[in-house]
Amino acid sequence: MSYQHILINQEPDTKIAVVALNRPQALNALNFELMTELTAAFRAFAKDDSVSAVVLTGNDKAFAAGADIKEMATATSAEMLTKGYLEMWDELQAFKKPIVAAVSGYCLGGGAELVMVCDIIIASETAKFGQPEINIGVIPGAGGTQRLTRAVGKVKAMELILTGRQFTAEEALSMGLINKIVPVASYLDEAKKLATEIASKPPIAVRLAKEAILRAASTNLHDDVEFERRLFALLFATEDMREGMNAFIEKRKPAWKGH
Ligand code: CAA
């Protein structure tokens, strides 16, 4: 299958596949088509015995700057509830083989939420994380309120999601959100090395270990993510959401009205 918005490289002799998000002109904003391609690629890896682990990356400047605001700005609550867009993060969460994220540059909103469905996260020194949705009149809608809170605890998640501020790889490491920081020249190699090591282990034991660890971190997660998704869709009925997204597109400050 050929893809327009992602690049796939299956490395010989390693049993790993490397997937790079590839919409550099939009800082890898995750539009519907890109997410559809990504889930299709992972569906194929699930069935492919030559792939035992996957590395998910972007480019040096951006892992992904979030969901595509230009695509979402005119969406309705009904569309957000029925289109199946946000459910694609759940589909990746259900992937049974390990995913190592290799993150550099912007990793925001839906991009950070994508990284949080990965299993191990290697970041470059330039990585910038954040859940900036509040600044465009919405909330994280692809699991961020649930997975960030489970990863870093309530008070940190509250501060980060309510201010929407960006934070560095150092801060992410100190909160336990990521595994390791390496120079920008080597984050992808480091992730590949780790994925290759994991891919050399017995595949069924790896798969069941992943499943068991996720169980520890995910009591009620499915229902709680569904709850968040409904609140996210509800915000598409507010004027502040239109204002927030249009202000981003028009490169100006939003004027909040509270309705
Ligand atoms: N959606 C669509 N386009 C985006 C985008 C996004 N999330 N992020 C960046 N782009 C586009 C910009 O519009 C711009 O396009 P043009 O050249 O056509 O104007 C291009 O990418 C480069 O971006 P900037 O000029 O803004 O680059 P910058 O270096 O000045 O700023 C940035 C970088 C701080 C990451 C800024 O682009 C930004 O704030 N992006 C939006 C981040 C965001 O709010 N993400 C959350 C989205 S909502 C979400 O993800 C919901 C969810 O939970 C699923």
Side-chain angles (χ1 to χ4, degrees), residues 5 21-36 38-39 58-77 79-93 103-118 123-124 126-149 151 157 160-169 221 224-238 240-254 256:
H5 302 304
L21 308 172
N22 188 34
R23 290 187 74 212
Q25 73 286 3
L27 300 178
N28 288 338
L30 305 164
N31 65 3
F32 190 85
E33 270 185 27
L34 183 154
M35 287 305 296
T36 304
L38 194 61
T39 48
N59 56 51
D60 292 354
K61 191 166 173 208
F63 177 82
D68 191 314
I69 301 169
K70 291 170 186 167
E71 194 172 74
M72 277 191 311
T74 55
T76 61
S77 287
E79 281 163 350
M80 293 316 291
L81 282 170
T82 58
K83 219 169 79 167
Y85 173 63
L86 299 164
E87 282 79 354
M88 291 196 268
W89 276 255
D90 283 351
E91 185 171 341
L92 295 170
Q93 175 74 88
V103 179
S104 184
Y106 293 114
C107 182
L108 304 174
E113 290 167 307
L114 197 50
V115 153
M116 286 188 282
V117 303
C118 296
S124 87
T126 66
K128 284 267 191 191
F129 297 87
Q131 295 293 159
E133 290 87 347
I134 203 81
N135 298 324
I136 53 167
V138 289
I139 62 173
T145 62
Q146 304 308 307
R147 290 197 182 89
L148 186 63
T149 307
L160 295 171
I161 290 172
L162 298 187
T163 65
R165 74 170 170 86
Q166 291 180 17
F167 53 98
T168 60
L221 180 63
D224 294 344
V225 169
E226 172 68 21
F227 174 75
E228 176 203 82
R229 198 148 61 219
R230 284 165 193 271
L231 297 186
F232 183 76
L234 187 64
L235 284 162
F236 282 66
T238 66
D240 279 350
M241 168 267 161
R242 296 286 158 220
E243 170 63 9
M245 294 201 181
N246 287 330
F248 172 78
I249 292 167
E250 291 156 19
K251 300 183 190 293
R252 60 173 173 81
K253 264 197 173 347
W256 306 122

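Both ligands and their constituent atoms are indexed starting at 1 by order of listing. Because the structure is predicted, anything quoted here is derived from the model rather than measured.
Annotation: side chain of Trp89 is not in contact with side chain of Leu38 (no heavy-atom distance under 4.5 Å). Looking only at side-chain heavy atoms (C-beta outward), Phe129 and Leu160 stay at 4.5 Å or farther from each other. Annotation: side chain of Met88 is not in contact with side chain of Leu30 (no heavy-atom distance under 4.5 Å).
Listed by number with element, the atoms of ligand 1 under 4.0 Å from a non-hydrogen atom of Gly66 are 50 (O). Heavy-atom contacts of Glu133 reach the following atoms of ligand 1: 48 (S), 49 (C), 50 (O), 51 (C), 52 (C), 53 (O) (cutoff under 4.0 Å). Set against the non-hydrogen atoms of Gly141, the atoms of ligand 1 under 4.0 Å away are 52 (C), 53 (O). In summary, the atoms of ligand 1 found under 4.0 Å from a heavy atom of Met72, numbered by their order in the structure, are 48 (S). Ligand 1 places these atoms under 4.0 Å from at least one heavy atom of Pro140: 53 (O). Near Gly110, the atoms of ligand 1 lying under 4.0 angstrom from a non-hydrogen atom of the residue are 49 (C), 50 (O).
An N or O contact shorter than 3.5 Å is missing between Pro132 and ligand 1 by distance. Distances between N or O atoms of Trp89 and those of ligand 1 include no value under 3.5 Å. Checked by distance only, ligand 1 and Ala29 stay at 3.5 Å or farther apart across all their nitrogen or oxygen atoms.
The main-chain N or O of Arg23 is found under 3.5 Å from a side-chain atom of Asn28 such that the two form a donor-acceptor pair. Under a 3.5 Å cut-off, the side chain of Glu113 and the backbone N or O of Ala142 do form a donor-acceptor pair. Between the Asn31 side chain and the Asp68 main chain, no donor and acceptor come within less than 3.5 Å of each other. For the pair Arg242 (side chain) and Ala73 (backbone), a donor-acceptor distance under 3.5 Å is present. Although no hydrogens or angles enter the test, the distance criterion places no donor-acceptor pair under 3.5 Å between the side chain of Ser104 and the main chain of Ser124. Of the possible polar contacts, one joining the Glu79 side chain to the Thr76 backbone as a donor-acceptor pair under 3.5 Å is found.
Looking at atom 1 (N) of ligand 1, its nearest protein heavy atom turns out to be Ile69 N, 2.9 Å. The nearest protein atom to atom 42 (C) of ligand 1, hydrogens excluded, is given as Ala65 O, 3.3 Å; this is a heavy-atom distance. Counting only heavy atoms of the protein, atom 54 (C) of ligand 1 lies nearest to Glu113 OE1, 3.6 Å. Regarding atom 37 (O) of ligand 1, its nearest protein heavy-atom neighbour is Leu27 CD1, 3.8 Å. Counting protein heavy atoms only, atom 35 (C) of ligand 1 is closest to Leu108 CD1, 3.6 Å.
Rounding to the nearest 0.5 Å places CD1 of Ile134 at 14.5 Å from CZ of Arg165. The line from NZ of Lys128 to CD of Gln166 is 5.5 Å long, rounded to the nearest 0.5 Å.
Proximity of Lys128 to ligand 1 is not established, as no heavy-atom distance is less than 4.0 Å.
At a heavy-atom cutoff of 4.0 Å, ligand 1 is contacted by no atom of Glu71, backbone or side chain. When non-hydrogen atoms are compared, ligand 1 lies under 4.0 Å from the side chain of Lys251 (C-beta onward) but not from its backbone. When non-hydrogen atoms are compared, ligand 1 lies under 4.0 Å from the backbone of Ala67 as well as from its side chain. Under 4.0 angstrom from ligand 1, the non-hydrogen atoms of Asp68 come from both its backbone and its side chain. Contacts of Ile136 with ligand 1, taken as heavy-atom pairs under 4.0 Å, involve the side chain alone.
Considering Phe232, Phe248, Tyr106, Tyr85 only, the shortest heavy-atom separation from atom 31 (O) of ligand 1 involves Tyr106. Nearest-residue assignment for atom 16 (P) of ligand 1 (options Gln166, Gln25, Lys70; heavy-atom criterion): Lys70.
Counted within 6.0 Å of NZ on Lys61, heavy atoms from surrounding residues, nucleotides or ligands total 12 or fewer; the atom is thus considered open.
The nearest protein heavy atom to atom 28 (P) of ligand 1 is not closer than 4.0 Å. Within 4.0 Å of atom 19 (O) of ligand 1, at least one protein heavy atom is present. Under the 4.0 Å distance rule, the nearest protein heavy atom to atom 24 (P) of ligand 1 falls outside the cut-off.
Thr145 and Glu228 form a side-chain donor-acceptor contact under 3.5 Å, judged by distance and modelled atom types alone.
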